[in-house]
Enquirer: 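Quick one: the structure is below, questions incoming.
Note that this is a predicted model, so its numbers are computed, not measured. These numbers come from the heavy atoms of this one structure, side chains and all, not from hydrogens, waters or symmetry mates.
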Amino acid sequence: MRMLSKQEAQGLLREEVLQLSPEFGACLPCAVAAKDYAPHLLVRENDVGVCIVEQFAARSGHLVVVPKQHVETMQEVPWSLYRDLQYLAWEAAVTVEKLLQPKRVFVAQLGSVKQRTTAFNHVTINIVPIYEADDRARPSHVFSWSRGVYHYEDAEADDLAERIRQAWG
Ligand SMILES: [Zn+2]
């Protein structure tokens, strides 16, 4: 796993978005949910969402739950959908806690305010293990790319996904 600068990460992500099939309208989460993007990193799925290893990771073991439906606002997320997505997120958090032994696991529903090339307004739930006990454990630090973002080597990501699948039970 290496640390990319924000610029490097955005450049890499931009290239990946350009390769998406046009049916996804440049929405990477839609491609993830359709298992058209990084299907090898899928760790769990239910009727309404998928959970995959986030390749642009805030921390090692960062997972993301993506609704299969393109939803942008809470009003578009009925309770039954929210409940089933949060169930996946809860399972993901428990699994990550058990497997990776972080000091804390953050769970955050995110989505950019505007669809851009490297930021998506498709709602996602992020599960981020936190290993530090100092200033780096602040949410404002964790959820920003300003201080860089981690990126796995291919084999590393595959291995992590497999360990998570096994630990999930
Ligand atoms: Zn989408």
Enquirer: Flag yes if V96 and V94 sit in one hydrophobic cluster, no otherwise; membership is Ile, Leu, Val, Met, Phe, Trp, Tyr, and two members link when side-chain heavy atoms are under 4.5 Å apart.
Expert: no
Enquirer: Going hydrophobic residue to hydrophobic residue with side-chain gaps under 4.5 angstrom, can you get from V123 over to F106?
Expert: no
Enquirer: Would you say CZ of R104 has more than 12 non-hydrogen atoms from neighbouring residues, nucleotides or ligands within 6.0 angstrom?
Expert: no
Enquirer: Under 3.5 Å, is there a donor-acceptor pair linking the side chains of N126 and H62?
Expert: yes
Enquirer: How close do C27 and F120 get, heavy atom to heavy atom, and via which atoms?
Expert: CA-CD2, 4.2 Å
Enquirer: Run the side chain to side chain contact (heavy atoms under 4.5 Å, CB included) test on Y37 and L28 for me, step by step, so that the C-alpha distance in whole Å, both residues' side-chain angles and the decisive distance to 0.1 Å come before the verdict.
Expert: CA-CA 8 Å; Y37 175 84; L28 187 76; 3.7 Å; yes
Enquirer: Decide yes or no on side chain to side chain contact (heavy atoms under 4.5 Å, CB included) for H70 and E72, but give the supporting numbers first.
Expert: CA-CA 7 Å; H70 181 93; E72 299 179 11; 2.8 Å; yes
Enquirer: How long is the straight-line distance from CG of L13 back to CD of Q55, given to the nearest 0.5 Å?
Expert: 9.5 Å
Enquirer: In Å, rounded to the nearest 0.5 Å, how long is the span from CH2 of W90 to CD1 of I127?
Expert: 13.0 Å
Enquirer: Taking side chain to side chain contact (heavy atoms under 4.5 Å, CB included) as the criterion, tell me which of D159, I52, V43 meets it with I164.
Expert: V43
Enquirer: Side-chain heavy atoms nearer than 4.5 Å, only ILVMFWY residues, links allowed to pass through others: does that put V128 and W168 together?
Expert: no
Enquirer: Taking atom CD of E153 and atom CG of D158, what is their separation to the nearest 0.5 Å?
Expert: 11.5 Å
Enquirer: Going by atom types alone, do E23 and S21 pair a side-chain donor with an acceptor below 3.5 Å?
Expert: yes
Enquirer: Could you walk me through whether T73 and Q75 pass side-chain hydrogen bond (donor to acceptor under 3.5 Å, both in side chains), step by step?
Expert: CA-CA 5 Å; T73 65; Q75 292 174 81; 4.9 Å; no
Enquirer: First locate atom CG of L100, then atom OG1 of T95, and finally report the distance between them rounded to the nearest 0.5 Å.
Expert: 9.5 Å
Enquirer: Work out which heavy atom in A9 is nearest to a heavy atom in W145; give both atom names and the distance.
Expert: CB-CZ3, 3.6 Å
Enquirer: How close do P67 and H122 get, heavy atom to heavy atom, and via which atoms?
Expert: O-NE2, 3.0 Å
Enquirer: If you count the non-hydrogen atoms of other residues, nucleotides and ligands that lie under 6.0 Å from OH in Y87, is the total more than 12?
Expert: no
Enquirer: Looking at S140, is its backbone amide N or carbonyl O close enough to the side chain of S144 to form a donor-acceptor pair, meaning the two atoms are under 3.5 Å apart?
Expert: no
Enquirer: On the 0 to 90° scale, with breaks at 30° and 60°, tag the H151-F56 ring pair as parallel, tilted or perpendicular.
Expert: tilted
Enquirer: Could you go step by step and tell me if R147 and M3 meet the side chain to side chain contact (heavy atoms under 4.5 Å, CB included) rule?
Expert: CA-CA 9 Å; R147 296 175 182 88; M3 173 76 89; over 6 Å; no
Enquirer: Could you give all pairs that pass the salt bridge (Lys or Arg N to Asp or Glu O under 4.0 Å) test and reach residues 52-65, with sequence neighbours left out?
Expert: R59-E132
Enquirer: Are more than 12 heavy atoms from other residues, nucleotides or ligands located less than 6.0 Å from atom CG of D47?
Expert: no
Enquirer: Rounded at 0.5 Å granularity, tell me how far CG in N46 sits from CG in L88.
Expert: 4.0 Å
Enquirer: Please evaluate residues T124 and Q109 with respect to the criterion side chain to side chain contact (heavy atoms under 4.5 Å, CB included), reporting the C-alpha separation (whole Å), side-chain torsions for both, the decisive distance (0.1 Å), and the verdict.
Expert: CA-CA 6 Å; T124 60; Q109 182 174 315; over 6 Å; no
Enquirer: So does R83 get a backbone contact from the side chain of Q86, meaning a donor-acceptor N/O pair under 3.5 Å?
Expert: no
Enquirer: According to a hydrophobic-cluster definition based on side-chain heavy atoms being under 4.5 Å apart (Ile, Leu, Val, Met, Phe, Trp, Tyr only), do I125 and L41 belong together?
Expert: yes
Enquirer: Please assess E162 against Q166 for the test side-chain hydrogen bond (donor to acceptor under 3.5 Å, both in side chains), listing each intermediate value before the final yes or no.
Expert: CA-CA 6 Å; E162 186 50 34; Q166 283 176 13; 2.9 Å; yes
Enquirer: Looking at residues at least two apart in the chain, or sitting in another chain, which of them share a ring-ring contact (aromatic ring centres under 6.0 Å, His included) with F143?
Expert: none
Enquirer: With a 4.5 Å cut-off on side-chain heavy-atom distances among I, L, V, M, F, W and Y, is there a chain of contacts connecting L63 to V48?
Expert: yes
Enquirer: Can you tell me if R138 has over 12 outside heavy atoms packed within less than 6.0 Å of its CZ?
Expert: no
Enquirer: Drop me the distance from S60's OG to L160's CG, to the nearest 0.5 angstrom.
Expert: 5.5 Å
